[in-house]
Amino acid sequence: MTLAVDGTEHTVDVDTRTTLLDALRERLGVTSVKKGCDHGQCGACTVLLDGRRHLTCLSLAVAHDGAEVTTASGLGEDDELHPVQQAFLDHDGYQCGYCTPGQVCSAVGALDELKEGHPSHVTEELEGEAEPTEEELRERMSGNLCRCGAYAGILAAVRQAAGEQEVAS
Amino acid sequence: MRELTYLEPDDTTEAVAAVSGDPEAAYLGGGTNLVDHLKLGLATPSTLVDVTGLPMDTVEVHTSGAEPVMRIGANVRNSDLAAHPVLRAHLPVVSRALLAGASGQIRNQATTGGNLLQRTRCVYFQDTTTPCNKREPGSGCSALQGYGRYNAVLGASDACVATHPSDLAVALAAVDAVVLVQGVDGERRVPFADLHRLPGDEPERDTTLAHGELVTGVELTASPASRTSTYAKVRDRASYAFALVSVAGALDLDEDTVRDVRIAWGGIAHKPWRATVAEDALRGKRLTEDAVREAVEAELADASTTDQSAYKLPMVRNTTAHTLLTLAGQAGDPR
């Protein structure tokens, strides 16, 4: 099967039982994607798969032949950090850092969904536009756990990135 | 994990033939439930037939009749369906239920068909060190005498007290969805109430589908009630948790008299529980809190609880009352 990971094309033979997560880490050596719970509960393995945030632990690799995967390592351009990455630095959005690549990918995906007009559980008016309020961002990031409990910094970081996105658009 | 043959069929006929002809084959959709169960050893197929490449990924809206009809392909992802403008306008309960389920990542992966066919389950089903009639028929039910906080309170049996975890399914039960199914003998339309089953003495069967039957889509018809509808979910934490109790409600009032009402409950039974007794009791009546509570009581006449699950009865009474009164414009925000 082939996978494009952070802009690099790979061709790899995988057992049908291999998850996308294990294919990335164990076969291709892409360690920026993390294995946390391996059961879809923690979000550490989140990447952008064909542009949308996705749990690689709950996906079989063979089901994603030809997919384009962006991990946290592939987000920036040249030596520039992605605005979400910079925001995590600015606000100390981590402690040990293990969940951070998944948090960053999830935040990028969540902000895209917000921009596309996707509502969330806490959106007041289903037919209206959702705003990047604290309540909205907490809800939209609920699939990413941080065992260090750095949520205050994570939330501040995602709010900053959301604000920059609004100004830019 | 057992060795797996992976197939990508060219069309639905080939997919149905592949699974129908092999008792050890299974369909693979978004994988959010099945891949987890493969790892846990709860599902042991020898062949997976991936249906995500089949052309079942669009939402068609037909407006030629009196009410809009949505034909939703089985592969439409939960996040895309929740955001669909026609669904948000005409069937908000379905959108709200989808948004109350799982996490942003999982909603991007999980499909409409797969959501409905996720396993009915409890904590013991997922723990292979304990007896479970659903996992291993005849081995016994650990939840009957064990940790019972999530147990069903209606329609359970001595064999199984698990509840169906889907939020979407509760909303679809409330709005009389039709499930489009393809089998070796052709297509059939399954009324939503007939898709899932109560455990009885066969708890290993969650649905009425024959092995190899493929859900190709779901059909929804809007109604005056569906346009005034919502979903309330009570859970242990604010987000990303299964329902303790949930209520899908839809209401059409003539002044303050109930012209049409739909009520379905989640977290209550082995299948989404359509509260038809309560609906019948309310139709034609003035919508008051007392009337709702009386109707709910009639629906709960056969409820069976333990010390651990007894809290679900006041919870479902209060949540149902709050949901319907909110829809009637008589109370605050249902979330």
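In the text below, chain A, chain B and the rest are named by the order of the sequence lines, each starting its count at 1. As a basis for the values below, the full set of heavy atoms in this structure was taken, side chains included, without hydrogen atoms, waters or symmetry mates.
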Under 3.5 Å, is there a donor-acceptor pair between the side chain of [X] and the main chain of [Y]?
X        : Y        : answer
B:Ser223 : B:Ser226 : yes
B:Ser95  : B:Leu87  : no
B:Asn75  : B:Val51  : yes
A:Thr100 : A:Gly97  : yes

May I ask you to decide whether B:Arg119 forms a salt bridge with B:Asp36, counting only side-chain N to carboxylate O separations under 4.0 Å?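 Judged by the 4.0 Å cut-off on N to carboxylate O distance, B:Arg119 and B:Asp36 do not form a salt bridge.
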Highest number of heavy-atom pairs under 4.5 Å with chain B: which of [options]?
options                                : result
A:Gly117, A:Ser120, A:Cys105, A:Pro119 : A:Pro119
A:Met141, A:Gln41, A:Arg138, A:Glu113  : A:Gln41
A:Thr19, A:Leu49, A:Asp38              : A:Asp38
A:Asp15, A:Asn144, A:Leu60, A:Leu55    : A:Leu55

Which answer fits [X], side chain, backbone, both or neither, if we ask what part of it has an atom under 4.5 Å from a heavy atom of chain A?
X        : value
B:Arg2   : backbone
B:Leu98  : neither
B:Asp50  : side chain
B:Leu34  : neither
B:Ala100 : both
B:Thr32  : both

Is it the backbone or the side chain of A:Ala110 that comes under 4.5 Å from a heavy atom of chain B, or both, or neither? neither
Can you confirm if the aromatic rings of B:Tyr231 and A:His121 lie within a centre distance of less than 6.0 Å?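 They do not qualify: ring centres at least 6.0 Å apart.
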For B:Asp80 and B:Arg107, what are the C-alpha separation, side-chain angles and deciding distance, and is it a salt bridge (charged side-chain N to carboxylate O under 4.0 Å, His left out)? CA-CA 8 Å; B:Asp80 294 326; B:Arg107 289 191 295 274; over 6 Å; no
Ignoring hydrogens and geometry beyond distance, is a side-chain donor-acceptor pair present between B:Asn108 and A:His54 at under 3.5 Å?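 On atom types as modelled, these side chains do not qualify, holding no pair under 3.5 Å.
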